[in-house]
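Worksheet: the structure to be examined is printed underneath.
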Amino acid sequence: MSRFPGLHRWDVSPAEARAIQQRLRQRLILEDDFGPVATVAGVDVGFEDDGTLARAAVVVLDHADLAVVEQAVGRCPTPMPYIPGLLSFREIPAVLAALEDLERLPDVLLCDGQGIAHPRRMGIASHLGLITGLPSIGVGKSRLIGTHGPVPAERGGWTPLVDGDEVIGAVLRSREGVKPIYVSPGHRVGLESAVRLVMDCVTRYKLPETTRAADRLASAR
DNA sequence: GCGACAG
DNA sequence: ATCTTGTCGC
C-alpha cells in the first residue's frame, strides 16, 4: 500500500532529472498553506556498505515539547552518485520507504538540505514536499546557491539568501557564536514561517532537534 | 574555458 | 555523505 502517488521515475539520467525538476517547480506553493502544527518531523539520509545502500530516517517530534512521537527507517539501493543539484534523486527513494512505515504522517517535514534555495528551486525539501503533499522546509548546513549580507550575531537573527532578484531563503543564526544555517521554504510554507518553525525546534544547539534526531538515527550512532 | 557545488 | 583523535574553549 503506497501512501504517495508516483510523480515520475527515479532511474533517470542527470539530464532527465533536471527536466523533471523544471516540470515540478511549477506546482510548488510558496506561501503558508497549513493548519495547526502538532508534529514536526526531521528527515535525513545516511549510507551503508560504501554508499551502495541509502538509509533514511524520519523522526516525528511533538511541536510543543519536542518529545519523540515515533520514528522510522527506510532503506533502498543508492540510485545514483551525489551530483550537486540532484541530491533528491539520490536520497528521496529511501525517505519514501521510511515514510510508508510511519503510523501517522507529520504536519511538517524539516529536511536536511535546501528547499527552493536551489538552481531550479527544487531542492530535496521542495521535491519531497511535492511528492508527499506535506508542508516542507529545507535546513542546510551549507550553501548551494545564493548570496547574502552579514548575518546578525544574535540567536534567531537572519538575513535573506538571494539569487538574482529573488529571495530564496534565510541565512539563520540558530545559535550564537557558530556558523549560520540555511533555511528555505520547501512546499506550502512561506519564508517567515519556515524560519519560525525551525527556531521552534532549536534548543541549545546549532541544528534543530528534528535534524539532530534524524541525523542520529540515519547514521546509526 | 574556469570555478562553485546541499549531502 | 564518509574516513577519524585529540584538542581548544565556554
Side-chain angles (χ1 to χ4, degrees), chain A residues 10 14-15 17-18 20-21 24-25 28 42-59 73-98 109-131 136-148 151 153-155 161-164 166 168-187 191 194 198 203-208 210-221:
Chain A
W10 292 100
R18 293 186 187 94
I20 288 172
Q21 294 180 324
L24 294 181
R25 67 181 295 182
L28 285 177
V43 178
D44 190 28
V45 177
F47 296 87
E48 305 176 336
D49 303 336
D50 298 309
T52 56
L53 192 63
R55 178 184 61 246
V58 176
V59 181
V73 172
R75 288 169 220 264
C76 83
T78 306
M80 61 162 79
Y82 168 69
I83 299 173
L86 301 182
L87 179 66
S88 60
F89 286 83
R90 174 176 165 82
E91 306 193 339
I92 285 186
V95 174
L96 294 178
L109 297 173
L110 294 217
C111 310
D112 244 57
Q114 316 297 328
I116 61 170
H118 175 282
R120 292 166 293 282
R121 308 294 181 262
M122 279 295 294
I124 189 167
S126 295
H127 200 156
L128 187 58
L130 270 182
I131 290 174
S136 63
I137 297 167
V139 180
K141 294 182 288 295
S142 62
R143 185 192 67 88
L144 175 57
I145 64 162
T147 58
H148 65 86
V151 185
E154 74 277 11
R155 178 188 143 97
L161 179 62
V162 177
D163 181 33
E166 293 179 71
I168 58 177
V171 187
L172 172 68
R173 189 74 68 184
S174 53
R175 184 193 164 163
E176 286 186 9
V178 297
K179 287 202 318 180
I181 59 178
Y182 298 75
V183 176
S184 57
H187 181 49
L191 181 57
V198 167
T203 59
R204 55 174 302 196
Y205 302 99
K206 163 183 165 179
L207 296 173
T210 41
T211 301
R212 286 164 42 75
D215 197 57
R216 203 177 313 142
L217 188 57
S219 300
R221 291 174 209 178

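Scope of the values below: all heavy atoms of this structure, side chains included, with no hydrogens, waters or symmetry mates. We name chains A, B, ... by the order of the sequence lines, and we start the count at 1 in each one. Remember, predicted model here, so these are calculated numbers, not experimental data.
- Here A:D50 lies out of heavy-atom contact (under 4.0 Å) with every strand.
- When distances are taken from the side chain of A:E91 to each of B:dA6, B:dG7, B:dC5, the shortest belongs to B:dG7.
- Phosphate contact (OP1/OP2 of B:dA6, side-chain N/O of A:K141, threshold under 4.0 Å): absent.
- The pair A:K141-A:D112 meets the salt-bridge criterion, since a charged nitrogen lies less than 4.0 angstrom from a carboxylate oxygen.
- Using a 4.0 Å heavy-atom cutoff across all strands shown, A:L86 reaches at least one base atom of the nucleic acid.
- Remark: A:Y182 is not in phosphate contact with B:dA6, judged by side-chain N or O atoms under 4.0 Å from OP1 or OP2.
- Summarising the geometry, the separation between CG on A:D163 and C1' on B:dA4 is reported as 13 Å, rounded to the nearest angstrom.
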How far apart are the C-alpha atoms of A:I131 and A:H187, what are their side-chain angles, what is the distance that settles it, and do they pass the side chain to side chain contact (heavy atoms under 4.5 Å, CB included) test? CA-CA 10 Å; A:I131 290 174; A:H187 181 49; over 6 Å; no
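- The distance from atom CD1 of A:I145 to atom C1' of B:dA6 is 11 Å, rounded to the nearest whole Å.
- Residue A:G123 is classed as a base contact, given a heavy-atom separation below 4.0 Å to a base.
- A:M122 is listed as a side-chain neighbour of A:L130, based on a closest heavy-atom distance under 4.5 Å.
- When rounded to the nearest whole Å, the span between NE2 of A:H127 and P of B:dA6 equals 19 Å.
- Residue A:Y82 and nucleotide C:dA1 are not classified as a stacked aromatic pair, given the requirement of ring centres less than 5.5 Å apart at an interplanar angle below 30°.
- Between the CD atom of A:E48 and the P atom of C:dA1 there is a distance of 15 Å, rounded to whole Å.
- Within the structure, every side-chain polar atom (N or O) of A:R90 is placed at least 4.0 Å from both OP1 and OP2 of B:dG7.
- The distance between atom CD1 of A:I124 and atom C1' of B:dC5, rounded to the nearest whole Å, is 16 Å.
- Tested against A:I168 for a side chain to side chain contact (heavy atoms under 4.5 Å, CB included), the candidates A:L144, A:I145, A:V162 yield a single pass: A:I145.
- A straight line from CE of A:M80 to P of B:dA6 spans 16 Å, rounded to a whole angstrom.
- Atom-to-atom, CD of A:Q114 to C1' of B:dG7 comes out at 10 Å; the value is rounded to the nearest Å.
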Cut-off 3.5 Å, no hydrogens considered: what does the side-chain donor-acceptor table look like for residues 83-94 of chain A, sequence neighbours left out?
from, atom 1, to, atom 2, distance (Å)
A:S88, OG, A:H127, ND1, 2.8
A:R90, NH1, A:M80, O, 2.9

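- Considering only side-chain N and O atoms, A:S219 lies nowhere under 4.0 angstrom from the phosphate OP1 or OP2 of C:dA1.
- Using a 4.5 Å heavy-atom cutoff, the side chains of A:S184 and A:L161 are not in contact.
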Apply side chain to side chain contact (heavy atoms under 4.5 Å, CB included) to residues A:I181 and A:V198 and explain how you reach the verdict. CA-CA 10 Å; A:I181 59 178; A:V198 167; 4.1 Å; yes
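- A:G46 comes within 4.0 angstrom of sugar-phosphate atoms only, judged by non-hydrogen atoms across all strands, and of no base.
- Residue contacts for A:F47: at a heavy-atom cut-off of 4.0 Å it reaches the sugar-phosphate backbone alone, with no base atom in range.
- Between the P atom of B:dA6 and the CG atom of A:L207 lies a distance of 16 Å, rounded to the nearest Å.
- Contact check for A:L128 versus A:L96: side-chain heavy atoms found under the 4.5 Å cut-off.
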Identify each atom pair where a protein N or O and an N or O of nucleotides 5-7 of chain C are less than 3.5 Å apart, giving names and distance.
none

